[in-house]
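What follows is a short report on a single structure.
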Amino acid sequence: MDYLTYSKRLDYLLELIEKGQLQSPGQVAESFECSERTVRKMINDLRDKGKNITYSRKSMKYFLDK
């Protein structure tokens, strides 16, 4: 995956998290045609960029803390 594609996917992933629509990495992995591990790495990359992303076990969703 080239940098531009990866960057666009990070933006899309962040958008899903902001809207509360990201329920599982498996869901995104299917649409991105990659592994769940790659999606989890992308979430960690967003965290490294300063985004405060948390996972709620109760609602089973990722959230962006303000």
Side-chain angles (χ1 to χ4, degrees):
M1 177 179 345
D2 62 19
Y3 177 77
L4 186 57
T5 303
Y6 187 78
S7 179
K8 285 182 181 180
R9 288 183 178 181
L10 278 179
D11 291 340
Y12 178 66
L13 187 60
L14 182 60
E15 182 180 329
L16 287 176
I17 293 170
E18 287 174 340
K19 292 180 179 180
Q21 296 177 345
L22 178 64
Q23 294 182 352
S24 73
Q27 170 190 33
V28 177
E30 285 182 24
S31 66
F32 285 175
E33 295 180 356
C34 64
S35 69
E36 287 185 39
R37 184 177 180 187
T38 300
V39 175
R40 289 187 198 331
K41 181 186 176 304
M42 293 171 79
I43 291 170
N44 285 332
D45 286 346
L46 287 170
R47 287 177 176 147
D48 290 343
K49 291 183 177 189
K51 303 299 181 186
N52 193 9
I53 300 170
T54 57
Y55 181 76
S56 169
R57 289 185 181 184
K58 184 176 181 180
S59 62
M60 298 185 335
K61 288 186 177 183
Y62 286 90
F63 290 98
L64 188 62
D65 289 338
K66 303 287 179 181

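This one's a predicted model, so the numbers in the text were calculated from it and none came from an experiment.
Residues that satisfy the side-chain contact (heavy atoms from CB on, under 4.5 Å) test with Tyr12, not counting sequence neighbours, are Leu16, Phe32. Partners of Ser35 under the side-chain contact (heavy atoms from CB on, under 4.5 Å) rule, at least two apart in sequence or in another chain, are Arg37, Thr38.
Residues Met42 and Leu10 share a closest heavy-atom pair of O-CD2, 3.5 Å. When all heavy atoms of Ala29 and Glu36 are compared, the closest pair comes out as CB-N, 3.8 Å.
In this structure, the separation between OG on Ser24 and OH on Tyr62 is 8.5 Å, given to the nearest 0.5 Å. Interatomic distance, CG of Leu22 versus OH of Tyr55, reported as 9.0 Å (0.5 Å rounding). Taken from CG in Leu64 to CD1 in Ile17, the straight-line distance is 7.0 Å, to the nearest 0.5 Å. One distance of note links CD1 of Ile43 with CZ of Arg40; it measures 7.5 Å at 0.5 Å rounding. Here the straight-line distance linking atom CD1 of Ile53 with atom CD of Glu18 works out to 9.0 Å at 0.5 Å rounding.
The neighbour count for Glu30 CD, taken as heavy atoms of other residues, nucleotides or ligands under 6.0 Å away, does not exceed 12.
Salt bridge absent: Lys49 and Asp45 never bring a charged side-chain N and a carboxylate O closer than 4.0 Å.
If you chain together hydrophobic residues whose side chains sit under 4.5 Å apart, Met60 and Val39 fall into the same group.
Side-chain N or O atoms of Lys51 include none that pairs as donor or acceptor with a backbone N or O of Leu46 at under 3.5 Å.
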